[in-house]
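Taking it in order: structure first as structure tokens, then the write-up.
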Amino acid sequence: MSAKVPKKIYLEESEIPRQWYNMRADMKEQHAPYLHPGTHQPIKTEELYPIFCEELAKQEMNETDRFIDIPEGIQDFYRIFRPSPVIRAYELEKALGTPARIYYKFEGNNTSGSHKLNSAAAQVYYAKQQGLKGLTTETGAGQWGTALSMACAYFGLDLTVFMVKVSSQQKPYRKAVMETFGSNVIASPSETTAVGRAILAEHPNTGGSLGCAISEAIELATGSEGYRYVLGSVLNQVLLHQSVIGLEAKRQMEKVDEYPDIVIGCAGGGSNLGGLMSAYMGDKLTGKKGPHFIAVEPASCPSLTRGKFAYDFCDTGKVTPLSKMYTLGSGFIPSPNHAGGLRYHGMSPLLSKLYHDGYLDKAVSVEQSKVFDAATLFARVETILPAPESAHAIRAAIDEALKCKESGESKTILFGLTGTGNYDMQAFMDYKAGKMNDYIPTDEELEQGFSTLPSIPGIQ
Ligand SMILES: *Cc1c(COP(=O)(O)O)cnc(C)c1O
């Protein structure tokens, strides 16, 4: 009887993962090498040291170690908010009338309200170990800046966050939370950097952009002794840290004798999905049976479903290494809707490779109002207010469960509930007022983005 499965599945202290899982060690083929943006030659680990702290640069390039120890200092921080529960969605199943068994891994139970704290903890820990003074970063929707602020407060490191000006005006509470944790939050573009001043001189009334905030954060980090710039998604190191989600989830599911038929995650830069599917992907990569993996992205920013698999810059400022990934072009400007943390032009090179080679089975794109229909139903029956990003995964999980209702199959579905929507009420208000923007870019608009892809002699 399914009722024997508890609503929430936890882990004992002895069952908590002590190591992260590095999917690359089990991949038959690696993603194409990162290229130096100037010379177009493959990057060497040492060349990453001015950007990332050394241990993280090594993790970024590590293709051989299957498991990497989670240092005690990070484990202690994880214990404050992990393990996160796997929750059986009994109420949602009932509301849908589906024979499917739906589970979700809930990462929103910390003040930052998202899974980003898993990697923030690791990145700040290694920066502290290396004796750095502080970090700089950018934040758009605000989750990454908040997570990093919490980790910097915990480990005792300075943090400057360049927050896209429109976001800092729209989300003053996010800014206040970061400041409460001791971070210096600067609305971008700002007068504090040369690049910010140049942009302001040209466009005094601009609301800013992520690309501009990244450029300011990098300028401040590279110009300040003992500082480094950090990123909250896309990179291999971030997927590695996020593997804790999947390692926990697999053990939790085993405790109730479940192995998912379908694993679903929303995909912005690919870190939560890469993390959630990691342990199960290991099964697939090593020739065992694996689940059917589904990535869900907004129809307004469809990098996997409509993008090109090509070398591109990870940032709009064109200073980061070139990565081969599914991308809309670093010059692609998504319509200003509420997909928040999913509005990124590219996709993790690792996830892109798995998708290209067919290990990540399927990508779907969904429109905003359907996402909020799902978010609202989920909130009412499961009583958790989901982040709009997470609601993309809810939408796909509901659609799969409804297919089961039609066919009468009782599949097991696991999806990632990456965070809470407590700071996203403007989006819920717009939805309620019928003002949701369902814009889907035309092929011509996508072509404009593709025209910004770099040309690399002999390669593309
Ligand atoms: C940032 C964010 C995402 C998307 O980022 P990924 O790197 O694709 O995981 C999804 N959900 C929430 C709540 C986020 O904050």
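All figures in this text were calculated on a predicted structure; none of them were measured in a lab. Both ligands and their constituent atoms are indexed starting at 1 by order of listing.
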Margin query: Do the side chains of Glu258 and Arg101 get close enough for a salt bridge, i.e. N-O under 4.0 angstrom?
Written below: yes
Check: Any nitrogen or oxygen of Glu389, main chain or side chain, under 3.5 Å from a nitrogen or oxygen of ligand 1?
Finding: no
Next item on the list: List every atom of ligand 1 that sits less than 4.0 Å from any heavy atom of Ser114, numbering the atoms from 1 in the order shown and giving each element.
Entry: 13 (C), 15 (O)
Next item on the list: Answer with yes or no whether the side chains of Asn118 and Tyr78 bring together a donor and an acceptor at under 3.5 Å.
Entry: no
Checklist line | Part of Ala141 within contact of ligand 1 (heavy atoms, under 4.0 Å) | finding: neither
Notebook entry, point to check: Hey, is ligand 1 close enough to Ser390 that some N/O pair sits below 3.5 Å?
Noted result: no
Margin query: Can you name the atoms of ligand 1, numbered from 1 with element, that are less than 4.0 Å from a heavy atom of His115?
Written below: 2 (C), 3 (C), 9 (O), 10 (C), 11 (N), 12 (C), 14 (C)
Notebook entry, point to check: Which is closest to atom 14 (C) of ligand 1 by heavy-atom distance: Lys116, Glu297, Gln242, His392?
Noted result: Lys116
Check: What do you reckon, does Ala267 have a nitrogen or oxygen under 3.5 Å from a nitrogen or oxygen of ligand 1?
Finding: no
Item checked: ligand 1 atoms in contact with Cys266 (distance to a heavy atom under 4.0 Å) -> 10 (C)
Check: Hey, is Asp69 close enough to Arg18 for a salt bridge, meaning N to O under 4.0 Å?
Finding: no
Check: So is Gly270 polar-close to ligand 1, meaning N/O to N/O under 3.5 Å?
Finding: yes
Check: Which atoms of ligand 1 have any heavy atom of Gln143 under 4.0 Å away?
Finding: 15 (O)
Notebook entry, point to check: So, does Lys353 use its side chain to make a donor-acceptor pair with the main chain of Glu29 at under 3.5 Å?
Noted result: no
Margin query: Tell me whether Lys403 is salt-bridged to Asp399, with the criterion being a basic N under 4.0 Å from an acidic carboxylate O.
Written below: no
Item checked: Ser271 and ligand 1 - part of the residue with a heavy-atom distance under 4.0 Å -> both
Margin query: I'd like to know whether Tyr355 forms a ring-ring contact (aromatic ring centres under 6.0 Å, His included) with Phe293, so could you lay out the CA-CA distance, the side-chain angles of the two residues, the decisive distance to 0.1 Å, and finally the verdict.
Written below: CA-CA 10 Å; Tyr355 181 55; Phe293 297 109; over 10 Å; no
Note to self: Checking side-chain polar atoms at under 3.5 Å, does Arg174 have a donor or acceptor matched by the opposite partner on Thr146?
What the structure shows: yes
Next item on the list: Tell me whether the guanidinium CZ or amine NZ of Lys284 lies under 6.0 angstrom from the six-membered ring centre of Tyr359 and within 45° of its axis.
Entry: no
Next item on the list: Using a strict cut-off of 4.0 Å, indicate which atoms of ligand 1 neighbour a heavy atom of Ser233.
Entry: 6 (P), 7 (O)
Notebook entry, point to check: Which ligand 1 atoms are under 4.0 Å away from a heavy-atom of Gly268?
Noted result: 8 (O)
Checklist line | Lys324 charged N/C atom sitting above Phe309 aromatic ring, 6.0 Å / 45° | finding: yes
